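Worksheet: one structure, shown below.
To find a chain, count down the sequence lines: A is the first, B the second, and so on, and within it residues start at 1. No experiment lies behind these values; they were computed from the predicted model shown.
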Amino acid sequence: MCGALRASDAGKKAVLMGWVNRRRDHGNLLFVDLRDRSGVTQVVFNAERDRTIHEKSAALRNEYVIAVTGTVKLRDANTVNPNMPTGEVELVAEELRILNESKLPPFLPSDTALTNEETRLKYRYIDLRRDVMQFNIELRHKVAKAIRDNLSGQGFFEIETPFMTRSTPEGARDYLVPSRVQPGTFYALPQSPQLFKQILMISGFDKYFQIVRCFRDEDLRADRQPEFTQIDLEMSYPQAERVWEVVEGFLTAAFAAAGSAIKTPFPRMDYDEAIRLYGIDKPDLRLPAFTDVRDCFSAENLQELAINSNLPVVAVRTPRVGELSRKERDDIKPMFHAKGGARVYEDFKRIANKFPDAAAAIAKKTGMEDGDLIVLVAGGAQSGPLAALPEHRKVTPQELAIYSSAGLLRLALAQKYAERHGIFKKSGDAAKDFRFLWVTNFPMFEWDEGEKRWNAAHHPFTSPHEEDMAKLETGVEALNDPLSPLSAVRALAYDVVLNGTELGSGSIRIHRQDVQSKIFRALGMTEEEARARFGFFLEALEYGTPPHGGIALGLDRIVMILAGAESLREVIPFPKTARAVDLMVDAPTPVGEAQLRELGIAVKKSNAP
RNA sequence: GGGGACGUAGUUCAGUUGGUUAGAACGCUGCCCUGUCACGGCAGAGGCCGCGGGUUCGAGUCCCGUCGUCCCCGCCA
């Protein structure tokens with residue numbers, strides 16, 4: 001292999017095959033860097049030593065595929081290249097075969113400047129030759145293998161589930177596959193193997209896992225692709241803590257495979273606490289949490305600032321941004337997307353001028369240091385008096401509006417000034433670079449303001465807390481009430497979060513048919529609707545279902561973070577663009593009339609006025 | 001569905017207030033070069049300024065539309 005030769009190989013005969021990475025022509029002396037996935041070795045064609053082969057080498061161009069036979073030679077001390085692993089040796093060419101020529105590529109794998117992504121994706125086969133991509137794909141392989149080995153070692157069976165399955169609308173949109181044998185009917189590609197893995201528990205395979213492709217027809221993001229890979233697992237009889245142990249086990253193995261020693265167990269945090277401290281259910285622990293500074297102001301202060309004194313006043317601290325220019329301060333306001341009645345007070349200096357006592361108290365309470373930026377988010381006075389809220393509701397909708405708009409601003413500011421505070425830079429210390437967290441006790445239901453009903457926050461097979469069953473009973477009687485006791489039902493659901501990215505989501509499932517029915521009812525589904533959608537599953541539940549639970553983690557996201565990449569596309573060999581297009585194969589495409597006819601499908605012309 | 005950024009040579013980019021023949025670097029082609037490793041030197045080729053329309057004596061530059069890529073919000077049970 002091109003990356004394998006070392007000083008100890010000197011004098012040996014060797015055959016190297018690979019691509020011409022670079023060519024340096026010195027007249028009668030020609031150097032070629034020969035590349036394969038293992039690395040690069042310098043090959044020397046010397047006219048003095050062998051005129052014929054030197055003449056032949058003149059035809060070599062970038063990305064030609066060649067085979068070179070020669071002798072491994074120790075380089076002279078002054079020609080050693082300490083920057084490459086094979087830099088102590090070179091291959092003196094004795095025989096050259098050009099295995100294939102290459103057209104002039106649109107960009108070279110050896111280019112230092114990165115080509116625009118559109119071109120990279122169109123010529124993905126060339127892009128993948130770049131050493132970074134080779135590294136990422138190899139990393140992906142190692143991580144997946146470590147996880148497989150670890151879960152097998154923990155007694156899990158890898159079991160496949162169907163890709164062509166049943167559409168169960170609700171949640172993400174399905175990708176549909178038309179049936180030719182039964183025209184007018186469709187399979188759906190799985191959004192996750194959720195029901196199949198639960199049925200595997202009912203079937204007695206008490207520890208299941210699968211590294212499996214999932215499909216969701218939703219809009220894309222840097223960390224969301226329409227097809228993505230999950231590490232899906234399920235086990236019988238576990239407490240949530242047991243599932244977390246399993247996950248911490250395989251993540252430790254995966255990160256070890258990537259050269260990082262992470263510490264377990266991961267810290268845990270209630271959903272409500274996450275919202276209060278970070279304004280988001282997937283906090284990035286590398287950045288400082290919020291501080292509630294309402295009590296730093298006097299009642300008169302708050303009135304003067306037109307701040308609602310019943311709601312929290314959140315201080316967002318961004319460390320070490322230094323002195324901000326006037327323009328930079330002005331730029332903060334547009335970064336703030338107010339939810340509800342939330343307002344931003346971005347000019348801390350002005351507050352300090354007007355209310356020196358309050359500012360001093362805030363600086364002290366937030367631990368503000370020189371160069372730190374403090375921005376306040378609070379409820380406007382006009383956001384009105386507090387509605388009479390049921391006391392079981394821990395974070396009220398008005399509070400949530402403040403917390404979550406502050407949470408978004410906190411991340412946007414951290415992103416914008418990443419260069420200055422340097423918190424996102426890898427330090428090499430795994431404990432600092434990888435901040436894992438379990439977020440637990442999610443609410444079971446979320447109020448859908450548009451539809452005026454309750455949705456499952458996780459999925460409808462998630463078990464509620466045993467203690468909250470009573471609230472479920474009474475809540476079912478108040479289905480269309482946003483203040484229904486349903487709001488206080490906690491789910492036995494948990495997310496694993498890394499550096500502000502949701503890696504995975506899981507829960508203890510419902511194993512009793514009567515509880516499952518109640519949940520469907522709470523979601524506004526009639527018995528008939530539930531039967532029509534999930535009948536097969538409800539029936540299966542009635543045949544001796546063991547308690548069970550599990551989780552699914554995004555493999556792509558794990559590898560992305562390990563690779564230090566900004567986008568999933570950097571760790572997926574053949575990804576899609578933001579409009580879900582594969583630029584290399586040019587998919588999706590229209591299909592022929594004949595093919596459609598056979599499927600009993602007619603395409604409606606959509607460019608009607 | 002909404003907001004924002006971008007689109008100039010094969011590639012990465014520059015292009016001033018709207019003004020002569022649209023530039024640079026890398027890559028490419030040819031010639032020279034025996035110790036380079038992001039080799040060097042000389043010469044050369046290479047442009048539908050994304051596409052369509054408009055304003056103007058004159059548009060890469062201003063306006064409108066459109067297509068494409070990226071980022072964010074909504075969405076992602």
Quick note, A/Asp33 side chain, CB onward, closest among B/C37, B/G74, B/C71 is B/C37
Is A/Arg224 side chain donor-acceptor paired with the B/C76 base, going by distance under 3.5 Å alone?
yes
Measuring only the C1' atom in each nucleotide, how far is B/U20 from B/U12? A whole number of Å is fine.
28 Å
Salt-bridge present (A/Lys576, A/Glu227; N to O < 4.0 Å):
yes
Check whether any side-chain heavy atom of A/His511 sits under 4.5 Å from a side-chain heavy atom of A/Met201, and report yes or no.
no
Using a 4.0 Å heavy-atom cut-off, does A/Glu90 contact any base of the nucleic acid, only the sugar-phosphate backbone, or nothing at all?
base
Partner of B/G18 under the Watson-Crick or G-U wobble criteria, both distances under 3.5 Å, comes out as none
Taking A/Glu527 first and then A/Arg531, would you say they form a salt bridge - that is, a charged N and a carboxylate O separated by under 4.0 Å?
yes
Does B/G35 have a Watson-Crick or wobble partner in any strand here, with both distances under 3.5 angstrom, and which is it?
none
With hydrogens left out and only the distance checked, is there a donor-acceptor pair under 3.5 Å joining A/Asn78's side chain and the base of B/G35?
no
Does any N or O donor sit under 3.5 Å from an N or O acceptor when you compare the side chain of A/Glu118 with the base of B/G50?
no
Which nucleotide sits closest to the side chain of A/Leu29: B/U34, B/G74, B/U69?
B/U34
NA contact type, A/Glu446, heavy-atom cut-off 4.0 Å: base, sugar-phosphate, or nothing?
nothing
In plain terms, say whether A/Arg224 and A/Glu218 are close enough for a salt bridge, that is, a side-chain N and a carboxylate O under 4.0 Å apart.
no
Mind checking if A/Arg61 touches a base, just sugar-phosphate, or nothing, with heavy atoms under 4.0 Å?
sugar-phosphate
Does B/C71 have OP1 or OP2 sitting under 4.0 Å from an N or O in the side chain of A/Arg569?
yes
Would you say the side chain of A/Asn62 and the base of B/C28 hold a donor-acceptor pair, judged only by whether the two atoms sit under 3.5 Å apart?
no
B/U36 base to A/Arg75 side chain: any donor-acceptor pair below 3.5 Å?
yes
Taking any heavy-atom pair under 4.0 Å as a contact, classify A/Arg221: base, sugar-phosphate, or nothing.
base
Expressed in whole Å, how much space separates the C1' atoms belonging to B/G47 and B/G35?
39 Å
Tell me the partner of B/A24, counting only Watson-Crick (N1-N3 plus N6-O4 or O6-N4) or G-U wobble (N1-O2 and O6-N3) with both under 3.5 Å; none if nothing fits.
B/U12
For the side chain of A/Lys339, counting heavy atoms from C-beta on, which of B/G74, B/C70, B/C72 is nearest?
B/G74
N/O (side chain, A/Arg24) to phosphate O (OP1/OP2, B/C39) under 4.0 Å:
yes
Partner nucleotide of B/G58 by Watson-Crick or wobble geometry (both distances under 3.5 Å):
none
Do we see A/His26 stacking on the base of B/C33, given a limit of 5.5 Å between centres and 30° between planes?
no
Name the nucleic acid region contacted by A/Thr112, choosing base, sugar-phosphate or nothing; use a 4.0 angstrom heavy-atom cut-off, strictly under.
base
Using atom C1' of each nucleotide, how far apart are B/G1 and B/U61 to the nearest Å?
33 Å
Please determine if a side-chain N or O atom of A/Arg22 lies less than 4.0 Å away from the OP1 or OP2 oxygen of B/C39.
yes
Residue-phosphate contact under 4.0 Å: A/Arg579 side-chain N/O, B/U69 OP1/OP2
yes
Would you measure the distance from the C1' atom in B/A25 across to the matching atom in B/U66 and give it in whole Å?
33 Å
Length of the NZ-P vector between A/Lys576 and B/C76, whole Å
21 Å
Given that both distances must come in under 3.5 Å, which nucleotide forms a Watson-Crick or G-U wobble pair with B/C70?
B/G4
Using the P atom as the point on both nucleotides, what is the distance between B/C64 and B/G3, in whole Å?
14 Å
Are the ring centres of A/Phe228 and A/Phe215 closer than 6.0 Å?
no
Under the side-chain hydrogen bond (donor to acceptor under 3.5 Å, both in side chains) criterion, do A/Arg35 and A/Gln134 qualify, and how do the steps go?
CA-CA 12 Å; A/Arg35 182 196 76 235; A/Gln134 294 270 319; over 6 Å; no
Does any non-hydrogen side-chain atom of A/Asp232 lie less than 4.5 Å from one of A/Leu553?
no
A/Arg23 CZ to B/G40 P, in whole Å, measures 13 Å
Are the charged groups of A/Glu346 and A/Arg329 less than 4.0 angstrom apart, N to O?
no
Among B/U34, B/C37, B/C71, the one nearest A/Met84 by side-chain distance
B/C37
Quick one: what's the B/S/- string for nucleotides 8-15 of chain B, heavy-atom cutoff under 4.0 Å, read 5' to 3'?
--SSS---
Base-pairing mate for B/G65 - Watson-Crick or G-U, with both contacts under 3.5 Å
B/C51
Would you mind classifying the nucleic acid contact of A/Ala412 as base, sugar-phosphate or nothing, using non-hydrogen atoms under 4.0 angstrom?
nothing
